J.: 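My structure is below; once you've seen it, I'll send some questions.
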Amino acid sequence: MNKIIIYQVFTRLFGNSSLNRKENGTLEENGCGKMNFFDASVLRRIKELGVTHVWYTGIIRHASKTDYSAYGIPAQHPAVVKGNAGSPYAITDYYDVDPDLSENVKDRMGEFEALLKRTHKAGLKVIIDFVPNHVARQYKSVAKPAGVDDLGATDDVNMGFSPSNNFYYCVGVPFEPHLDIMCGAAGPYTEYPAKATGNDHFDNHPGVNDWYETVKLNYGVDYCDFGGRSCHFEPIPDTWQKMLDILMFWAGKGVDGFRCDMAEMVPVEFWKWAVGKVKLAFPKLLFIGEVYNPALYRSYVSAGFDYLYDKVGMYDCMCGIMRGYTAASDITWQWQSVDDIKDHMLYFLENHDEVRLASGFLAGDAWKGVPALAVSALMNKNPFMLYAGQEFGERGMDVEGFSGRDGRTTIFDYWTVPALYKGYVDRRKLSKDEKALEKMYARILRIANTENAVNDGLFFDLMYANQQNAGFDTYSQYAFLRKCGKEVLLVVANFSGNDVEDELYLPNHAFDYLDLPEKVVQANDLLSDGKETTVLPLKADGTLRISVSPYSCKVYKFNV
């Protein structure tokens, strides 16, 4: 099986051809990307990058300041919407598609179903968000199937907690957020009694840094019980069944996986119950969990998650290396700490929550991310994810509106992302450097999902054997071997801005573990388009002389 390479697209931004780019602009002023933009040629270009799965972020209808009431879609109060376009994680209808993404609002679900078919026809699989922890404050489903009760429709609002309620309530008091949240609203937003806020904020006055636009869903956990939280899972809580029905609805549409937002804020008992039922009906469907606490990783894997974000471990480590305050040798510790579940860890260097590699808040130069890309994509069998625009060096330094200049690409505003415009709307505007970076990404990612040594091979970390080696700088370089059958890859990554001449030590243990013969081999650098070959004398407890350019890597392939 090919290695999974996930391409995250923020659907609202991808393919937007407007060049207006007005700060805090409306849909009419700044435009919006559409699902129909993903035609056969665009999908083919994505696939040629080495991608296997596309994560279409923001498909399910969420809170927005754009008024679609003429189509029977309830308008949202602006005080509880972040930005003009709104957060894709403030869901207003789990059974509906975001109308911003459609050419014909009345046929928005049909357009999504057509996108699914086109993506599958292109040889790619589809991942969408499942947002289980919270919904928009004004959640109201207009697209739910017959016989489905809306969230909260049967709640007893006089109980702060009840296992049969879908929400938590602040009994007897109205929603009174801090004044800075309500500033600029045309009129007051009223909610009585107030519901608990999505980030486990259980009083009626969330602040500007809370997820004030959302309300927490109740899975049978009483977070405010005397003496600590208590669980009430028998009988099965009503929210469990409603969430299972939503998963089954989208799985029935033909999606191939769910990226589960803030999965660790939902009890693991629910996941074990729900994932088991979904996979019984759809055995190949993937569940990817956003879990940040390493102490919880194994419980969520045991509950049925196929992959978990490796954010607090590998991602943070890579960022530290690129910023210059973490040693490359720390990569070894990161993979070792999750070695028993390593195939379940999802590596990434960018996503919608994190700063862009090329931003002034991280590396400042997209090429500094190339060695991190090579190591992340080639080191193990687990998946790798990239965020659309990363392959062109998108900097994320625009002032789009709600979140300001923070090195991230906005998820709250209508906007045109410069790198995506050049990469997919008008490629004539791509610079020579941007084209070269895209080509490098494609080379590395194609190696990742086509080379047997990466997909099915053994892995041998060479760092422990080179810690005392004066000819190899373990602070700024990382090296490892992959082997499958007679095929071997030697990867040496240089995270520094200097040309390096390595004397890489090969321990006898590597020869025993990988069943390597001692011989002279002809090696081809896969990142040089076959133009660079070299002779490597393989000798147990011997060394190899290898030259690596700044912020680059060698991926030598040879046959034994």
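Count residues from 1 along the sequence. The model shown is predicted, which means the values in this text are computed figures rather than measured ones. Note that these values count all heavy atoms, side chains included, but never hydrogens, waters or copies made by symmetry.
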J.: Quick one: list whatever passes side-chain contact (heavy atoms from CB on, under 4.5 Å) with Asp343, sequence neighbours left out.
T.: Lys381
J.: Is any NZ, NE, NH1 or NH2 atom of the basic residue among Glu29 and Lys22 found under 4.0 Å from an Asp or Glu carboxylate oxygen of the other?
T.: yes
J.: Heavy atoms, side chains only, cut-off 4.5 Å: are Leu116 and Val255 in contact?
T.: yes
J.: Report yes if some heavy atom in the side chain of Arg21 is under 4.5 Å from a heavy atom in the side chain of Pro418; otherwise report no.
T.: yes
J.: Between Asp398 (side chain only) and Glu400 (backbone N and O only), is there a donor and an acceptor less than 3.5 Å apart?
T.: no
J.: Write out all pairs satisfying salt bridge (Lys or Arg N to Asp or Glu O under 4.0 Å) with one or both partners inside residues 132-151, taking only residues at least two apart or from two chains.
T.: Arg137-Glu191
J.: Quick one: list whatever passes side-chain contact (heavy atoms from CB on, under 4.5 Å) with Lys82, sequence neighbours left out.
T.: Tyr212, Glu213, Phe402, Phe412
J.: Please verify the inter-ring angle class for His201 with His205; under 30° counts as parallel, over 60° as perpendicular, anything in between as tilted.
T.: perpendicular
J.: For the residue pair Phe175 and Tyr189, categorise the inter-ring angle as parallel (less than 30°), tilted (30 to 60°) or perpendicular (more than 60°).
T.: perpendicular
J.: Which pairs, with at least one residue in residues 95-138 and sequence neighbours excluded, count as a ring pair (Phe, Tyr, Trp, His ring centres under 6.0 Å)?
T.: Tyr95-Phe249, Phe112-Trp250, His134-Trp211
J.: Look at the rings of Phe161 and Tyr168 and say which category their plane angle falls in: under 30° parallel, 30 to 60° tilted, over 60° perpendicular.
T.: parallel
J.: Once you measure the plane-to-plane angle for Phe38 and Tyr56, does it fall in the parallel (<30°), tilted (30-60°) or perpendicular (>60°) bin?
T.: perpendicular
J.: For Tyr89, enumerate each residue passing the ring-ring contact (aromatic ring centres under 6.0 Å, His included) test, keeping only those at least two apart in sequence or located in another chain.
T.: His352
J.: Going by side-chain contact (heavy atoms from CB on, under 4.5 Å), name the residues that satisfy it together with Asp100, two or more places apart in sequence or in a different chain.
T.: Leu27, Cys32, Ser64, Thr66, Tyr68, Asp98, Tyr414
J.: Distance alone, cut at 3.5 Å: any donor-acceptor contact between the side chains of Asp330 and Gln334?
T.: no
J.: I'd like to check Ile331 versus Trp333 (side-chain heavy atoms, cut-off strictly below 4.5 Å). Are they in contact?
T.: no
J.: Checking His62 against Arg12: is there a side-chain donor and acceptor pair closer than 3.5 Å?
T.: yes
